[in-house]
A.B. asks: 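A single structure is presented below for examination.
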Amino acid sequence: YLNFNIISDSSTALISLENGENDFMINMSASDLPLIEGNEELTVQTAPSHSQAGLVLNVQNGVTADENVRKAIASAIDRDAVNVVGFDGTGTVATGSFQDFLYYDGADYTYSYDQEKAKEYLSESAYADSDFSVTIKTSDNYGDIVPQLIQQNLADIGITVNIESMDIGSQSEDWLNGNFEIIYQAGSEITPDLSESLNSAYYSENVWSASAWTDGRYDEQLNEIMAETDTQKRTELCSSLLQEIVASANEIPLVIKSGNIVYRTGLQNTYVDPNGMFYCFKDFSWE
């Protein structure tokens with residue numbers, strides 16, 4: 001049988017592993033991994049995941065409804081630094097979707113780090129001649145290390161960033177109700193099919209957040225995608241639409257996180273699920 005212990009504090013969970021109170025831990029934080037180096041009683045197993053950290057911007061209201069403001073923000077963020085500072089370099093800079101999505105061509109459609117270009121976008125916005133600020137809402141689940149780095153990046157182009165940290169439930173409620181300018185979050189797609197993901201997020205009848213549009217601007221393309229049966233053609237259509245959406249900077253992909261498990265040495269048949277899940281039917285055994 002299996003006993004599941006819910007331990008919210010990562011340091012406490014690590015101590016329970018070291019003391020032999022638990023045998024297995026899912027997704028230890030990158031900052032804690034060096035603490036177990038050299039401990040022969042514990043083994044770390046890592047693999048790429050589907051969990052992507054990023055920003056979600058309000059396209060319906062406020063300063064972020066201005067596309068040039070969003071493009072300026074996207075161009076001003078040093079995502080390599082985000083990976084190093086926020087994830088100890090264990091992740092991969094995101095390319096606009098997950099690498100192994102069905103119907104995704106694998107191309108990088110995101111904005112490169114270019115602060116001069118960011119200033120140019122800002123000068124073309126409706127806020128070019130005014131001082132303004134934006135608020136990034138984060139949660140206790142995601143922390144404020146990455147928002148603080150973004151705060152520094154945006155200060156370099158003249159945008160003041162306020163950081164508001166809250167519990168995950170309040171952050172989710174604000175996201176759902178459109179009460180935000182920028183949300184910092186990390187999420188995972190459990191069905192890595194780009195056509196389905198685009199349809200569920202951007203078809204006008206499916207839109208549930210102010211981070212997407214309700215004017216049906218993508219409906220015709222999505223109808224064409226969902227009706228297409230040729231794999232290559234569907235990939236081309238999906239990737240073309242993805243490129244268009246990423247160019248709008250309504251969401252800014254930052255880092256695809258690396259998943260890991262930590263377990264007491266000797267446990268067999270272990271694996272790292274890319275969605276951060278744990279399936280009870282997997283047969284573990286000891287040497």
Side-chain angles (χ1 to χ4, degrees), residues 1-54 80-94 98-100 136-150 163-172 183-190 192 254-287:
Y1 60 92
L2 294 173
N3 287 328
F4 290 88
N5 295 323
I6 308 301
I7 305 175
S8 58
D9 182 76
S10 61
S11 298
T12 303
L14 175 57
I15 292 172
S16 74
L17 276 176
E18 293 175 324
N19 293 342
E21 298 170 9
N22 289 296
D23 300 308
F24 189 93
M25 180 176 175
I26 302 172
N27 289 332
M28 175 178 286
S29 66
S31 60
D32 286 338
L33 288 174
L35 299 177
I36 62 174
E37 290 182 359
N39 187 336
E40 296 182 354
E41 294 184 356
L42 298 178
T43 299
V44 181
Q45 187 174 343
T46 62
S49 80
H50 288 163
S51 181
Q52 180 173 268
D80 286 311
V82 168
N83 185 29
V84 172
V85 174
F87 303 97
D88 290 337
T90 60
T92 303
V93 172
F98 302 128
Q99 297 285 354
D100 57 353
I136 297 178
K137 292 189 173 183
T138 184
S139 78
D140 43 16
N141 285 44
Y142 308 128
D144 57 8
I145 294 177
V146 171
Q148 287 172 359
L149 177 59
I150 293 171
I163 300 171
E164 184 177 348
S165 185
M166 56 185 62
D167 64 85
I168 185 65
S170 298
Q171 187 200 37
S172 298
I183 295 280
Y184 171 61
Q185 55 84 45
S188 181
E189 290 283 354
I190 61 173
L254 296 174
V255 173
I256 297 176
K257 301 194 296 182
S258 174
N260 69 70
I261 56 173
V262 184
Y263 54 90
R264 297 193 65 75
T265 301
L267 190 63
Q268 300 294 297
N269 298 322
T270 58
Y271 71 108
V272 181
D273 180 75
N275 295 310
M277 295 183 177
F278 179 80
Y279 297 101
C280 298
F281 56 78
K282 186 72 177 182
D283 295 326
F284 295 148
S285 62
W286 293 97
E287 287 183 335

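These values consider heavy atoms only, across backbone and side chains, with no hydrogens, waters or symmetry-generated copies. Counting from 1, the numbers follow the sequence of the chain as shown.
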A.B. asks: To the nearest 0.5 Å, what is the distance between CG on L42 and CG on L17?
C.D. replies: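 L42 CG to L17 CG: 5.5 Å, rounded to 0.5 Å.
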A.B. asks: Say you draw a straight line from CD1 of I183 to OG of S139; how long is it, rounded to the nearest 0.5 Å?
C.D. replies: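 Going from CD1 on I183 over to OG on S139, the span is 9.0 Å.
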A.B. asks: Heavy-atom count check: over 12 atoms from other residues, nucleotides or ligands less than 6.0 Å from I145 CD1?
C.D. replies: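 Not buried by this count: 12 neighbours or fewer within 6.0 Å.
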A.B. asks: How far does OG1 of T90 sit from CG of N83, to the nearest 0.5 angstrom?
C.D. replies: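 Rounded to the nearest 0.5 Å, the OG1-CG separation comes out at 6.5 Å.
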A.B. asks: Could you tell me whether the side chain of E40 reaches within less than 4.5 Å of the side chain of T265, counting heavy atoms only?
C.D. replies: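 Heavy-atom side-chain distance check fails, nothing below 4.5 Å.
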A.B. asks: Side chain of Q171, backbone of K137: donor and acceptor closer than 3.5 Å?
C.D. replies: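 It does hold such a pair.
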A.B. asks: Distance alone, cut at 3.5 Å: any donor-acceptor contact between the side chains of S16 and N22?
C.D. replies: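 A donor-acceptor contact under 3.5 Å links the two side chains.
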A.B. asks: Is any side-chain heavy atom of V82 closer than 4.5 Å to a side-chain heavy atom of F87?
C.D. replies: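 Yes, side chains in contact.
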A.B. asks: Spell out, as yes or no, whether a donor-acceptor pair under 3.5 Å connects the side chain of Y142 to the backbone of A186.
C.D. replies: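 Yes, the answer is positive, given that a donor and an acceptor are paired below the 3.5 Å cut-off.
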A.B. asks: Quick one: does any side-chain atom of R264 pair with a main-chain N or O of E41 as donor and acceptor, under 3.5 Å?
C.D. replies: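 Not at all, since once roles are kept as given, no pair shorter than 3.5 Å links the two residues.
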A.B. asks: Between the main-chain N or O of G143 and the side-chain N or O of T138, is there a donor-acceptor pair closer than 3.5 Å?
C.D. replies: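 Yes.
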A.B. asks: Could you check whether any side-chain N or O of N19 sits under 3.5 Å from a backbone N or O of E21, counting only pairs where one atom can act as donor and the other as acceptor?
C.D. replies: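 Side chain of N19 to backbone of E21: no pair is present.
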A.B. asks: Compare every heavy atom of S165 with every heavy atom of D140, then report the nearest pair and how far apart it is.
C.D. replies: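 Result for this residue pair: N-OG, 4.3 Å.
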A.B. asks: Determine whether I261 and M25 make a side-chain contact, defined as any pair of heavy atoms from C-beta on separated by less than 4.5 Å.
C.D. replies: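 Answer no - side chains too far apart.
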A.B. asks: Has D144 got a side-chain atom pairing as donor or acceptor with P147's backbone, closer than 3.5 angstrom?
C.D. replies: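 Not at all, since once roles are kept as given, no pair shorter than 3.5 Å links the two residues.
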A.B. asks: Search all heavy atoms of Y184 against all heavy atoms of V146 and return the closest pair with its distance.
C.D. replies: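 Between these two residues, the closest heavy atoms are OH-CG2, 3.4 Å.
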A.B. asks: Determine whether Y263 and T43 make a side-chain contact, defined as any pair of heavy atoms from C-beta on separated by less than 4.5 Å.
C.D. replies: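 Y263 vs T43: side chains touch.
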